[in-house]
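Note sheet for the following structure.
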Amino acid sequence: MPKQKTLKSSVEVTGKGLHSGVEVQLKLKPAAVDSGIFFVRTDLADAPKIHALAPNVTATLRATTLEENGAKVFTVEHLMSALNACGIDNCEIEINAEEPPVLEGNSIGFFEMIKSVGTVEQSAERKIIQIEKIYRANSDNGKKFIIALPYDGFRISFTSVNPHPLIGIQYEDFEITEEIYKKEIAPARTIAYEKEVEALHAAGLGRGGTLENVIVYNDEGWLNTLKYPDELVRHKILDVIGDLRLAGFLKCHIIAVASGHALNSKLSKMIYADFN
């Protein structure tokens with residue numbers, strides 16, 4: 001069995017949150033064996049901890065929100081995705097606002113932060129969740145779903161369905177390794193439809209979004225250059241990797257159709273409940 005891992009040393013970054021637009025400082029720090037991944041809100045009295053666990057998910061509108069001890073953090077999925085891909089079991093995340101910095105709108109910045117300081121093996125064995133039965137989370141109409149199947153590895157097959165003719169149906173299938181993640185998934189940015197941006201701002205969302213960190217489209221085409229022809233579905237896979245890390249390190253094959261944070265988190269909670 002592999003050993004647990006944490007960071008060799010601390011690393012920090014400053015930037016604006018994707019939805020809040022608020023300037024935030026975030027520091028990733030080594031953490032003790034079996035402490036897991038947890039956020040510390042240094043801007044609040046008594047610096048409450050928020051553990052990155054599926055039961056602590058309280059909202060999934062446009063992002064994944066965690067709440068514990070009277071405090072919350074949201075849009076955690078990109079950071080959690082990078083921590084998952086780098087095999088980090090234990091990490092303290094100091095943050096002085098509700099939302100991590102958006103950086104490039106993907107997870108490559110967080111991935112490179114982790115790689116810049118390196119990791120260290122710890123004394124205890126990693127707890128790996130081997131899926132041995134079928135788990136399925138459906139939307140109300142059954143047209144959207146995410147399934148976890150038994151598999152000796154971690155694989156994600158995702159079909160994205162978008163009614164806009166510019167995007168349509170996109171499909172990707174990846175065996176998730178650190179190398180594949182860095183090259184094929186981590187650079188994929190989040191997405192927005194130009195007509196929705198004003199409504200997002202009115203709802204207090206997307207205020208830190210720019211053409212540098214969000215791929216934006218309208219009825220004529222893309223407003224910025226894509227990193228991949230199917231960047232949307234790759235970002236969806238990035239999100240799945242982050243959302244499912246809240247259940248633990250999984251060995252399974254994920255098959256998803258048009259899944260988002262709500263279904264990802266529903267599946268994560270189902271798995272977590274069975275193994276904890």
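Just so you know, these numbers use all the heavy atoms, side chains as well, and skip hydrogens, waters and symmetry mates.
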Practice problem: Verify side chain to side chain donor-acceptor pair (under 3.5 Å) between Q122 and D89, making sure each step is shown before the conclusion. | Solution: CA-CA 10 Å; Q122 297 176 285; D89 298 82; over 6 Å; no
Quiz prompt | Partner of E121 under side-chain contact (heavy atoms from CB on, under 4.5 Å), chosen from K3, Q4, R126 | solution = K3
Just wondering, do [Y] and [X] contact through their side chains at under 4.5 Å, heavy atoms?
{"X": "N138", "Y": "F145", "answer": "yes"}
{"X": "D46", "Y": "N69", "answer": "no"}
{"X": "Y228", "Y": "P187", "answer": "yes"}
{"X": "I114", "Y": "V11", "answer": "no"}
{"X": "V102", "Y": "T190", "answer": "no"}
{"X": "V24", "Y": "N96", "answer": "yes"}
{"X": "N106", "Y": "F111", "answer": "no"}
{"X": "K16", "Y": "E99", "answer": "no"}

Near [X] [atom1], under 6.0 Å, is it more than 12 heavy atoms from other residues, nucleotides or ligands?
{"X": "N141", "atom1": "CG", "answer": "yes"}
{"X": "K227", "atom1": "NZ", "answer": "yes"}
{"X": "E212", "atom1": "CD", "answer": "no"}
{"X": "D219", "atom1": "CG", "answer": "yes"}

Using a strict 4.0 Å threshold on nitrogen-to-oxygen distance, state whether [X] and [Y] make a salt bridge.
{"X": "K49", "Y": "E68", "result": "no"}
{"X": "E104", "Y": "R189", "result": "no"}
{"X": "K27", "Y": "E12", "result": "yes"}

[X] side chain vs [Y] backbone, donor-acceptor pair below 3.5 Å:
{"X": "N213", "Y": "T210", "value": "yes"}
{"X": "N218", "Y": "E194", "value": "no"}
{"X": "T6", "Y": "P30", "value": "no"}
{"X": "S139", "Y": "K144", "value": "yes"}
{"X": "D239", "Y": "H261", "value": "no"}
{"X": "S116", "Y": "M113", "value": "yes"}
{"X": "E184", "Y": "I180", "value": "no"}
{"X": "N162", "Y": "G168", "value": "no"}
{"X": "K143", "Y": "A258", "value": "no"}
{"X": "T75", "Y": "A63", "value": "no"}

Search all heavy atoms of [X] against all heavy atoms of [Y] and return the closest pair with its distance.
{"X": "L267", "Y": "A137", "result": "N-CB, 4.1 Å"}
{"X": "F154", "Y": "N84", "result": "CE2-ND2, 4.2 Å"}
{"X": "N264", "Y": "S259", "result": "OD1-OG, 2.8 Å"}
{"X": "C86", "Y": "K115", "result": "SG-CD, 4.1 Å"}
{"X": "L28", "Y": "C91", "result": "CB-SG, 4.1 Å"}
{"X": "I88", "Y": "I37", "result": "O-CD1, 3.7 Å"}

Answer with yes or no whether the hydrophobic clustering places [X] together with [Y]; edges join I, L, V, M, F, W, Y residues whose side-chain heavy atoms lie under 4.5 Å apart.
{"X": "V257", "Y": "I254", "result": "no"}
{"X": "L250", "Y": "V57", "result": "no"}
{"X": "I129", "Y": "Y135", "result": "yes"}
{"X": "L18", "Y": "L232", "result": "no"}
{"X": "I95", "Y": "F74", "result": "no"}

Practice problem: Starting from the C-alpha separation in whole Å, work towards a yes-or-no answer on side-chain contact (heavy atoms from CB on, under 4.5 Å) for M80 and L246. | Solution: CA-CA 8 Å; M80 292 303 302; L246 300 175; 4.0 Å; yes
With rounding to the nearest 0.5 angstrom, report the [atom1] to [atom2] distance, [X] to [Y].
{"X": "E77", "Y": "S107", "atom1": "CD", "atom2": "OG", "value": "10.5 Å"}
{"X": "N90", "Y": "L83", "atom1": "CG", "atom2": "CG", "value": "11.0 Å"}
{"X": "L53", "Y": "K269", "atom1": "CG", "atom2": "NZ", "value": "11.5 Å"}
{"X": "L66", "Y": "K72", "atom1": "CG", "atom2": "NZ", "value": "11.0 Å"}
{"X": "R136", "Y": "L263", "atom1": "CZ", "atom2": "CG", "value": "10.0 Å"}
{"X": "F158", "Y": "R234", "atom1": "CZ", "atom2": "CZ", "value": "14.0 Å"}

Quiz prompt | Working for side-chain contact (heavy atoms from CB on, under 4.5 Å), residues I191 and I167 | solution = CA-CA 11 Å; I191 188 172; I167 302 172; 3.9 Å; yes
Mutual orientation of the aromatic rings belonging to [X] and [Y] [parallel < 30°, tilted 30-60°, perpendicular > 60°]:
{"X": "Y151", "Y": "H253", "value": "tilted"}
{"X": "Y193", "Y": "Y217", "value": "parallel"}
{"X": "H51", "Y": "F38", "value": "tilted"}

Exercise. Before giving the answer on side chain to side chain donor-acceptor pair (under 3.5 Å), spell out for Q170 and D230 the whole-Å C-alpha distance, their side-chain angles and the decisive distance to 0.1 Å.
Key: CA-CA 6 Å; Q170 296 183 4; D230 59 355; over 6 Å; no
Self-check item: Intermediate values then yes/no, side-chain contact (heavy atoms from CB on, under 4.5 Å), I237 and Y181
Solution: CA-CA 10 Å; I237 292 172; Y181 182 85; over 6 Å; no
Exercise. Take E67 and I50 through the side-chain contact (heavy atoms from CB on, under 4.5 Å) test and state the conclusion after the steps.
Key: CA-CA 6 Å; E67 292 190 52; I50 307 157; 5.8 Å; no
